[in-house]
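To keep things clear, I will list the structure first and then write my remarks on it.
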Amino acid sequence: MITGSYIELERAAVETNFKFLKDLYGDKVKISSVVKANAYGHGIEKYVPLVEEQGIDHFSVFSVEEAFLVNKVKKENTSIMIMGWISDDDLDWVISNKIEFFVFEFSRLLKAIEISKKTGISAKIHLELETGLNRTGLNQLELIKAAELIHKNKESLNVYGICTHLAGAESIANYHRIQKQLRKFNRLINIRIVSELKAKYKHSACSAASIAYPKSRMDLIRVGIMQFGFWSSKETYIQYLSRNKNNHNPLKRVISWKSYIMSIKKVKQGEFISYGTTYLAQEDKIIGIVPVGYSSGYKRSLSNQGRVLVSGQRVGVIGLVNMNMIIIDLSNLPDSKIGDEVVLIGRQGELSISVNSFTEISQQINYEVLASLPASIPRKII
Ligand SMILES: *Cc1c(COP(=O)(O)O)cnc(C)c1O
């Protein structure tokens, strides 16, 4: 079956990005590849093995469902860390499969001890500390209480890590808040009973923090967006460039998204195109219909704004983005044929459509564009 659109993942780009990250961080820091949200839309099942080819053996996900998908395709000795949602019912599966997980509620420790006693397998935990993001994480009192409980249950609870998450490292506006978080983190992990847990990995950095706050790198970096070839924000890129005198972007986009022309027709001057009255043909037009729409992640806010590539040229989306279709302007490409390739994200000939060009029009951030690519679009590796 040929689907209306497909996603390509470029192996060489994955290699470039991980080479860059490993050089940047040095070999004392472990890289955990963050593959939540279906690997930022890249597709967990295809993407994880590509990353393993680069020698990475640690993956972070948000939920049990995602851990399940990684677990299906990963190599035997590769580790998984769940940073977020696990129901009590699923904790048994998590512990039995030796999956690491964040602890941000005291009750999760009690449940973990119970399961560990039952199965005889110790739980691999990362204590997540609240340092100022005010999301998930143990406060000081909870941390001390947790440390006491862990000391009493050493055979059931194996403290792999102690960690926190920073509140927006991609924007310099958060500088003071983040410095305060890092100070608080360092104070908490040095409380005697906590440091005596001897956590193997202390970690706090996401992509942006690893660039903007090198001291946040610690023992492990949870790298999300950068591994896919994107900077967390323009600011993060500028921060990188200002410290590295060359003016070249070391990251390469891994993803491309492509479709086809499914129908072509002529429309007379004075006619409206697609639903409603948002687009009036000011002259005779040739239009192409493409089988992607907002149900496939092509945002409605790209109506009359989006750009795609056909025959190596940039052409506009006209009229409203429909649920399953967009209409593009082929008036300057009269030789177009049904079946011609349409590039929604990626390169064709000399030109390319970046994820950023999407975000500027649609008010999304690149994270959001990627994460909203449906899992049902097939992914292939090139
Ligand atoms: C998503 C996430 C990351 C990775 O963030 P990037 O900005 O994509 O690098 C790291 N840590 C946690 C807790 C996250 O939720």
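As the structure lists them, so they are numbered: ligands from 1, and atoms in each ligand from 1. Position 1 is the first residue of the sequence; numbering continues from there.
In summary, the aromatic rings of W93 and F68 are positioned with their centroids under 6.0 Å apart.
The heavy atom nearest to atom 6 (P) of ligand 1, considering only F228, F102, Y40, is found in Y40. Summarising the contacts of atom 12 (C) of ligand 1 with H165, R135, H203, the nearest heavy atom is found in H165.
Taking 4.5 Å as the limit, some side-chain heavy atom of I7 sits within range of a side-chain heavy atom of I255.
Within ligand 1, counting atoms from 1 as listed, the ones closer than 4.0 Å to a heavy atom of S207 are 6 (P), 9 (O). Taking every heavy atom of I225 and a limit of under 4.0 angstrom, the matching atoms of ligand 1 come to 6 (P), 8 (O), 9 (O).
In terms of protein heavy-atom proximity, atom 15 (O) of ligand 1 is nearest to K36 NZ, 2.6 Å. When hydrogens are left out, the protein atom nearest atom 7 (O) of ligand 1 is Y367 OH, 2.7 Å; that is the closest non-hydrogen contact. In terms of protein heavy-atom proximity, atom 11 (N) of ligand 1 is nearest to R222 NE, 2.8 Å.
With hydrogens and angles left out, the side-chain atoms of K145 and Q140 include no donor and acceptor closer than 3.5 Å. Using modelled atom types, one finds no donor on one side chain facing an acceptor on the other under 3.5 Å when comparing E15 with Q54.
Polar contact check, A205 against ligand 1: no nitrogen or oxygen pair lies under 3.5 Å apart.
Judged by the 6.0 Å distance and 45° axis criteria, K200 is positioned over the aromatic ring of Y160.
Contact record, I353 with L344: CG2-O, 3.2 Å, taken as the closest heavy-atom pair.
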